[in-house]
Protein chains: 2
Amino acid sequence: MKLNELKAIKLAELFSALSDASRIRLISLLLEGEKSVRALADGLGMTESAVSHQLRGLRQMHLVRTRKSGRQVFYSLDDDHVSRLFTLGLDHVQHG
Amino acid sequence: MKLNELKAIKLAELFSALSDASRIRLISLLLEGEKSVRALADGLGMTESAVSHQLRGLRQMHLVRTRKSGRQVFYSLDDDHVSRLFTLGLDHVQHG
DNA sequence: TGAATATATGAACAAGTATTCATATGTTAC
DNA sequence: GTAACATATGAATACTTGTTCATATATTCA
């Protein structure tokens with residue numbers, strides 16, 4: 001596979017973004033469709049601040065994108081890589 | 001997707017196992033086929049101890065399996081989920 | 001304008017993690 | 001048996017990370 005160090009780091013960063021139960025649950029909510037920060041915080045029983053901090057990381061990894069409407073910011077999954085990684089991972093956890 | 005907390009944790013643990021550049025490079029070496037601890041350590045420029053510690057985590061997540069032969073232990077990828085996650089992640093990093 | 005709402009951000013602390021070093025276990029050769 | 005080798009493990013340390021709290025920015029409504 002001949003993976004150079006930079007790509008290894010990038011890949012590790014991608015998986016790091018998925019390596020926390022709170023973020024996994026955020027993503028599982030976003031699989032239902034776009035949601036505001038408050039809706040996500042309510043759905044997970046987290047503070048808006050904590051959710052916002054986590055979303056920042058997901059944004060930086062291009063796993064989610066935002067749409068602003070008034071004073072709300074709606075988050076949604078950025079592309080289908082995310083849901084495919086999610087599904088594949090879940091598959092491994094359930095059977096593997 | 002209705003993900004309960006336990007599954008979220010399991011999934012996060014799976015991705016945690018992939019969330020470190022050293023482990024990513026270990027896996028990229030194992031994509032070439034099974035290798036001994038020493039071969040992996042040499043290939044990555046890490047100590048055998050560090051590699052052994054990391055392999056332990058990958059073993060616990062069922063991402064790699066072992067075959068013992070004499071005093072050597074050969075590691076290989078456990079199932080194709082691993083390489084599929086790896087490839088899908090790489091795809092996201094390179095294009096996304 | 002000012003108050004209320006929604007989100008973002010910085011600092012600080014607690015909890016988790018990767019590596020190193022020393023040591024232990026298990027295997028082969030003599 | 002002992003010596004040498006391959007791997008594993010425990011403890012310690014340095015580094016990273018998630019949450020909380022306080023505060024900042026931005027938008028709407030009166």
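Every chain is numbered from 1 and lettered A, B, ... according to where its sequence line falls, protein lines coming before strand lines. Scope of the values below: all heavy atoms of this structure, side chains included, with no hydrogens, waters or symmetry mates.
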So what does [X] hit on the nucleic acid, given a heavy-atom distance under 4.0 Å: a base, only sugar-phosphate, or nothing?
X: A:Ser16; value: nothing
X: B:Glu48; value: base
X: B:Tyr75; value: sugar-phosphate

Are any side-chain N or O atoms of [X] and backbone N or O atoms of [Y], one a donor and one an acceptor, separated by less than 3.5 Å?
X: B:Arg67; Y: B:Phe74; result: no
X: A:Ser69; Y: A:Gln72; result: no
X: A:Arg65; Y: A:Asp79; result: no

(message) For D:dT20, does the base pair up with any side-chain atom of A:His53 as donor and acceptor (N or O, under 3.5 Å, distance only)?
(response)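 A donor-acceptor contact between them is present.
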
(request) Tell whether A:Ser52 reaches the base of C:dT9 with its side chain through a donor-acceptor pair below 3.5 angstrom. (result)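 Not at all, since no donor on one side and acceptor on the other fall under 3.5 Å apart.
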
(request) Look at the aromatic rings of B:His92 and A:His81 and report parallel, tilted or perpendicular, splitting at 30° and 60°. (result)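 Perpendicular.
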
Is there a side-chain contact between [X] and the phosphate of [N], meaning an N or O under 4.0 Å from OP1 or OP2?
X: A:Gln54; N: D:dT19; value: yes
X: A:Arg56; N: D:dT19; value: no
X: B:Arg71; N: C:dA29; value: no
X: B:Ser36; N: D:dA6; value: no

Tell me: [atom1] of [X] to [atom2] of [N], nearest whole Å?
X: B:Arg67; N: D:dT7; atom1: CZ; atom2: C1'; answer: 15 Å
X: B:Glu34; N: D:dT7; atom1: CD; atom2: P; answer: 12 Å
X: A:Phe74; N: C:dA8; atom1: CZ; atom2: C1'; answer: 17 Å
X: A:Gln72; N: D:dA26; atom1: CD; atom2: C1'; answer: 13 Å
X: A:Arg38; N: C:dA8; atom1: CZ; atom2: C1'; answer: 15 Å
X: B:Leu55; N: D:dA6; atom1: CG; atom2: P; answer: 16 Å

(message) Can you work out whether A:Met46 or B:Ala50 has the more 5'-proximal nearest nucleotide on DNA chain D?
(response)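 With A:Met46 and B:Ala50 compared, the 5'-side residue is B:Ala50.
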
(message) Between A:Thr47 and A:Lys68, which residue's closest nucleotide on DNA chain D lies nearer the 5′ terminus?
(response)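 Per heavy-atom nearest nucleotide, the more 5' residue is A:Thr47.
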
(request) Please tell me if the side chains of A:Arg23 and A:Leu18 come closer than 4.5 Å, counting only heavy atoms from C-beta onward. (result)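 Side chain of A:Arg23 against side chain of A:Leu18, heavy atoms only: no contact under 4.5 Å found.
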
